[in-house]
Protein chains: 2
Amino acid sequence: MSHESARELALLLRRLNVELDAVTTRFADLHGLNRTDVRALVAVMDAARRGEALTAGRLGEAVDLRSASVTALVDRLEKVGHLRRTRDAEDRRRVVLEMSETALAAGGEHFGGLARDLTGAMEGYTDDELAVVRRWLEDMTAVITRHNRAEPDGA
Amino acid sequence: MSHESARELALLLRRLNVELDAVTTRFADLHGLNRTDVRALVAVMDAARRGEALTAGRLGEAVDLRSASVTALVDRLEKVGHLRRTRDAEDRRRVVLEMSETALAAGGEHFGGLARDLTGAMEGYTDDELAVVRRWLEDMTAVITRHNRAEPDGA
DNA sequence: CAGTAACCTCTCGACGATCGAGATAATCGA
DNA sequence: TCGATTATCTCGATCGTCGAGAGGTTACTG
């Protein structure tokens, strides 16, 4: 009965989400940070990987914080040496953020290590199987995204 | 190249996680709650579905809060009418928590509606395909769980 | 059945993260 | 040059969480 299967998969998805959340929490605990700090560092890492240097304002958009909170956030991360502030030479109103080498290394170790383990666990799958999984992930993400953007609790 | 596929799937997983997080945040925003409040209500709902009545202490374990915070949490939810406190007749030290009908309805609408949409989106899949997805979800969850329980950042 | 240990929840005071409002400084356009 | 705009920061206030400890309830033990 496919419907029953589907229900189980929805529950599995929830468990997976809990564990994925715990990845962030664990990194935070290990390094004396809170979840927001970790999300911020990840945002800076992602930007760096894309070759962009994040400004304070864009970081605020990425983690959904107001400017006052971003200032406090960057203060915290700068104080412990994970982040550096630099005035942008071209537009001196801007503050560009750079991760320290140690923070980059710690983040790469933790999150990159997980990514490595995940891809490793996928080696036992055929390309066809992974294609199915991919389609499923995209479909589920689309459904959830639509749900999140929809009218307040419309059917 | 299967390795490339795997990397993409890891990224998809991350996006999915972000959207799943947003489900909680959205429900919170719609009802004037914070994320912890929502997690607590979900915990009470889950317990109710299992036929258990949650106590304040067990709720604290479920959402990982100390007793002082649980008191404040239940105060908040009781004040807006989402939760009722009752002294347990058998062990009068205990406070058992029950969701109000309106809160149950709102939660069922939001989260049940999403579950319905998700299972609906899975109708286009064969049982074999869903079996592949299921195996993959279980494998990934196992990897992440191990990662979360492992020695601090061991290779 | 008395006394004590263990348990469950609550109160209180403190701290930290976030915010809104407004200040400060730099850039852009006319 | 001057006003409008942009980017960040400062300040004071609010809210969620916690540690310590109090108060009441149950279980154990002799």
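Atom CZ of Arg93(B) and atom C1' of dA5(C) are 11 Å apart (whole Å). Put simply, CD on Glu61(B) is 12 Å from P on dC7(C), counting in whole angstrom units. Distance CZ (Arg58(B)) to C1' (dC7(C)): 12 Å, rounded to an integer number of Å.
Residues satisfying the side-chain contact (heavy atoms from CB on, under 4.5 Å) test with Asn17(B), not counting sequence neighbours, are Asn17(A), Leu20(A), Asp21(A). Remark: Ala115(A) pairs with Arg7(B) by the side-chain contact (heavy atoms from CB on, under 4.5 Å) rule, at least two apart or across chains. Checked against side-chain contact (heavy atoms from CB on, under 4.5 Å), Thr71(B) has the following partners two or more places apart in sequence or in another chain: Asp75(B). In this structure, the salt bridge (charged side-chain N to carboxylate O under 4.0 Å, His left out) partners of Arg135(B), at least two apart in sequence or on a different chain, are Glu129(A). In this structure, the side-chain hydrogen bond (donor to acceptor under 3.5 Å, both in side chains) partners of Arg14(B), at least two apart in sequence or on a different chain, are Asp46(A).
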Show the atom names and distances, to 0.1 Å, of all donor-acceptor pairs under 3.5 Å that link a side chain in residues 93-103 of chain B to residues at least two apart or in another chain.
unit_1    : atom_1 : unit_2    : atom_2 : d
Arg93(B)  : NE     : Asp91(B)  : OD1    : 3.0
Arg93(B)  : NH2    : Asp91(B)  : OD2    : 2.9
Ser100(B) : OG     : Gly81(B)  : O      : 2.9
Ser100(B) : OG     : Thr102(B) : OG1    : 3.1
Ser100(B) : OG     : Ala103(B) : N      : 3.2

Run the side-chain donor-acceptor check on residues 54-69 of chain A: report pairs under 3.5 Å with partners two or more places apart or on a different chain.
unit_1   : atom_1 : unit_2   : atom_2 : d
Thr55(A) : OG1    : Arg58(A) : N      : 3.3
Asp64(A) : OD1    : Arg66(A) : NH2    : 3.2

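Two residues, Arg92(A) and Thr55(B), neighbour DNA chain C, and the one matched to the more 5' nucleotide by heavy-atom proximity is Thr55(B). Comparing Arg66(A) and Asp88(A), the nucleotide of DNA chain C nearest to each residue sits closer to the 5' end for Arg66(A).
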List, with names and distances, any nitrogen or oxygen atoms from the protein found under 3.5 Å away from nitrogen or oxygen atoms belonging to nucleotides 10-17 of chain C.
unit_1  : atom_1 : unit_2   : atom_2 : d
dC10(C) : OP1    : Arg85(B) : NH1    : 2.7
dC10(C) : OP2    : Thr71(B) : OG1    : 3.3
dC10(C) : OP2    : Arg85(B) : NH1    : 3.3
dC10(C) : N4     : Ser67(B) : OG     : 2.5
dA17(C) : OP1    : Asn34(A) : ND2    : 3.3

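Leu65(B) comes within contact range of the sugar-phosphate backbone alone, with a heavy-atom separation under 4.0 Å but no base atom that close.
First and last contacting nucleotides of DNA chain D toward chain B (any atom under 4.0 angstrom from a heavy atom, 5' to 3' order): dG16(D) to dT26(D).
In terms of modelled atom types and a separation under 3.5 Å, the side chain of His147(B) and the main chain of His110(A) share a donor-acceptor contact.
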